[in-house]
Protein chains: 2
Amino acid sequence: MTERVGRATMRDVAALAGVSIKTVSRVVNDEPGVAEQVRMRVQDAVDRLDYRHHLAASNLRRGGGRSGLIGALLQDVGNSFSAALLRSLEDAARARGTAILSASLDEEPERERTLVHDLVTRRVDGLVLMPSTDRQDYLSSEVRAGMPVVFVDREPRGIAADSVTVENVEGAVMGTEHLLAQGHRRIACLTDLPDISTAQQRLQGFVDAHRARGVHPDERLTVTGLRGPAAGEAAVSRLLDLDRPPTAIFAGRNDLAQGAVRALRRRGLGDSVAIVGFDDFPLADLLTPPLTVIRQDVVRIGRLTADLLVARLDGDERPPQRIVVEPTLVVRGSGEIPPSD
Amino acid sequence: MTERVGRATMRDVAALAGVSIKTVSRVVNDEPGVAEQVRMRVQDAVDRLDYRHHLAASNLRRGGGRSGLIGALLQDVGNSFSAALLRSLEDAARARGTAILSASLDEEPERERTLVHDLVTRRVDGLVLMPSTDRQDYLSSEVRAGMPVVFVDREPRGIAADSVTVENVEGAVMGTEHLLAQGHRRIACLTDLPDISTAQQRLQGFVDAHRARGVHPDERLTVTGLRGPAAGEAAVSRLLDLDRPPTAIFAGRNDLAQGAVRALRRRGLGDSVAIVGFDDFPLADLLTPPLTVIRQDVVRIGRLTADLLVARLDGDERPPQRIVVEPTLVVRGSGEIPPSD
DNA sequence: GTGTCCGATGACAACGTTGTCAAAGCCATT
DNA sequence: AATGGCTTTGACAACGTTGTCATCGGACAC
């Protein structure tokens, strides 16, 4: 009601209600042992002053320093995979009254270190990490100090921690084999920055699938270090200019597949060059032809990640868990185009 | 190094370094007036104990109760519009060392109230809100207590606050007029829950455009209260079963446009029924035909929102600002299909 | 009337930090 | 040797809250 500056504290409420601070605390926390009449008087003062509980102060006083916060450091909150993951984590966290501090790493190692430091400083109760660094030894002191970390999408290196990842090698084998089985022999492979483990594994699967058939992949058709859809588009554009261009494309990430589709489309090759993408995304089924993909079940991954973290928060002391989710091949059309020659 | 339980505090560091807590504080905060030798000794103890600054305690002591946090309550963090917005906010916040607490409202009013309460309890310095309630009077005590709120995408009701919105009526007029100009007279209109202001405005624009041409929109082709792509798909499916089905569709939201495209595609009508969507989304240009949309510049909206909030955090006391961004028509093909009869 | 018990209430310290202020040490000056 | 000024350091209180414990007053039994 009144024109206050700043927030009312328990002290203010106590003064208005004519009781001690402790009694206000009891009322606010719904503790027993307060006379009904007093409780009402306090409640009235709370309402009149728009008192709001101060969680940070409360947490500071209450043991352990639990903040009711968890951090989620993902590749890019604006990207559909990270966004879906974040959403999934949020739903799991909400049930526990835990809030999520999210941030995007953009594959920048330095940012990961900075942000982790920031989150520690904020005393998050736990951390979900899709790392951009190639080693995470720097986390060991935090883990030792009791902050559980669950890695998602990429496995930890240099530190023992829980992880939820996808069987990338196998998925890539599946996708590549799908193309090989249709007779493709000049298959392009597009992958991410080479120090990202998923990129390595998917490339590995690509090679493995060839090897299993006794086929040698053409190195000139393998392009690594691609960041973002524009890079994927440019790379495919270059490949199509070769003397013997690829008849199929295996794209190691959803944004690279999107770039590839753009490049093909621009040359009118959308229906003649096959393409299989790793990671499904919204609308992939509405493209022409619909995109054949290796799907990772994001919702499931998010839930498993959250469950793991929640278990740790609740005191689970088992050795680090390593959960690996099987991806599935979703046949839609783009991957079933036969080789053009 | 040692197997600690819990975190080291300044007290521990002080004990190890043989100085007072206050001196540790000085070193940690890089304050002047500490002898070089002492500083080194303290720094050494900090490293040995893996001491980490406790931001919440620090903020508690340092007046004002600034938490270095802002809240972002969006419609659905997993949806491309909200996700892009969140990302944009994040980039602006990072520059100030502010972290973002994000959550999804899913158009549920109750969740908005709960989450706002939770954020207040966490003493966020400011709030970005894409409301799911139809009135936000309940926020006035928080605003009075000094928490700046910036509304995004939807204007505030029942409270004076900053907002960054899109010229929805005009955008919808633009999109509808585009269809009318090509001779369409049976245009379906799909919109969101009717108590969401953007949905109302877009429907308004749809009607206005008709009126401007002296045409009467067919009420049976207007479907409101649609939530999510599946609802959009079902609605379009029903409309196509009518005696005189629509020759064009105006979809009031990106997910409804996606649902509409699915419905059309399933019946093989993708190339014969025109469609214009409100709000662009990734891959809209890769659909067949590419989707004509009314685009709202999400990045710009995010930046304007963040700028506004940041200004308030820095003490800006101007009367509430109302920023309205002009949407643009992006012609791609789906909206230029002529009427079938 | 005395003793006992119980519920209600408050004083106080503490969580981890930092602002304020005073004390201590040092050097130079008189 | 005493004074002044300076830098370095620490004791203490406070931020807003809650756990611990003591106190108070009344109801009850004897």
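All chains are named by letter (A, B, ...) in the order of the sequence lines, taking the proteins before the strands, and each is independently numbered beginning at 1.
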Undergrad: Nearest-Å distance, CE (Met10(A)) to P (dG10(C))?
TA: 14 Å
Undergrad: Please work out if Val28(B) contacts a base, only the sugar-phosphate, or nothing of the nucleic acid, heavy-atom cut-off 4.0 Å.
TA: nothing
Undergrad: Specify the separation, in whole Å, of atom CD1 of Ile21(B) and atom P of dA14(C).
TA: 12 Å
Undergrad: Nearest to the side chain of His54(A), heavy atoms from C-beta on, is which of dA11(D), dT17(D), dT17(C)?
TA: dT17(D)
Undergrad: In whole Å, what is the span from the NE2 atom of His53(A) to the C1' atom of dC15(D)?
TA: 14 Å
Undergrad: CG of Asn59(A) versus C1' of dT17(D): gap in Å, rounded?
TA: 10 Å
Undergrad: Starting from C1' on dA11(D), measure out to CZ on Arg11(B) and report it in whole angstrom.
TA: 14 Å
Undergrad: When we call it a touch if two heavy atoms are under 4.0 Å apart, what does Glu31(A) touch: a base, just sugar-phosphate, or nothing?
TA: sugar-phosphate
Undergrad: Considering residues, nucleotides and ligands other than Arg227(B), do more than 12 of their heavy atoms fall under 6.0 Å from its CZ?
TA: yes
Undergrad: A side-chain contact here means heavy atoms from C-beta on lying under 4.5 Å apart; do Ile159(A) and Phe151(A) qualify?
TA: yes
Undergrad: Of Ala57(B) and Pro32(B), whose nearest nucleotide on DNA chain D comes first from the 5' end?
TA: Pro32(B)
Undergrad: Quiz question: going by heavy-atom distance under 3.5 Å, is there a donor-acceptor pair between the base of dG10(C) and the side chain of Arg26(A)?
TA: yes
Undergrad: Could you check Gln75(A) against Phe81(A) for side-chain contact (heavy atoms from CB on, under 4.5 Å), going step by step and ending with a plain yes or no?
TA: CA-CA 9 Å; Gln75(A) 191 253 330; Phe81(A) 181 71; over 6 Å; no
Undergrad: Would you say Gln37(A) and Met40(A) make side-chain contact, with heavy atoms under 4.5 Å?
TA: no
Undergrad: Please give, in whole Å, the distance from dA14(C) P to Lys22(A) NZ?
TA: 15 Å
Undergrad: Output the rounded distance in Å from CG (Asn29(B)) to C1' (dG19(C)).
TA: 12 Å
Undergrad: Under the 3.5 Å rule, do the base of dG16(D) and the side chain of Arg123(B) count as making a donor-acceptor pair?
TA: no
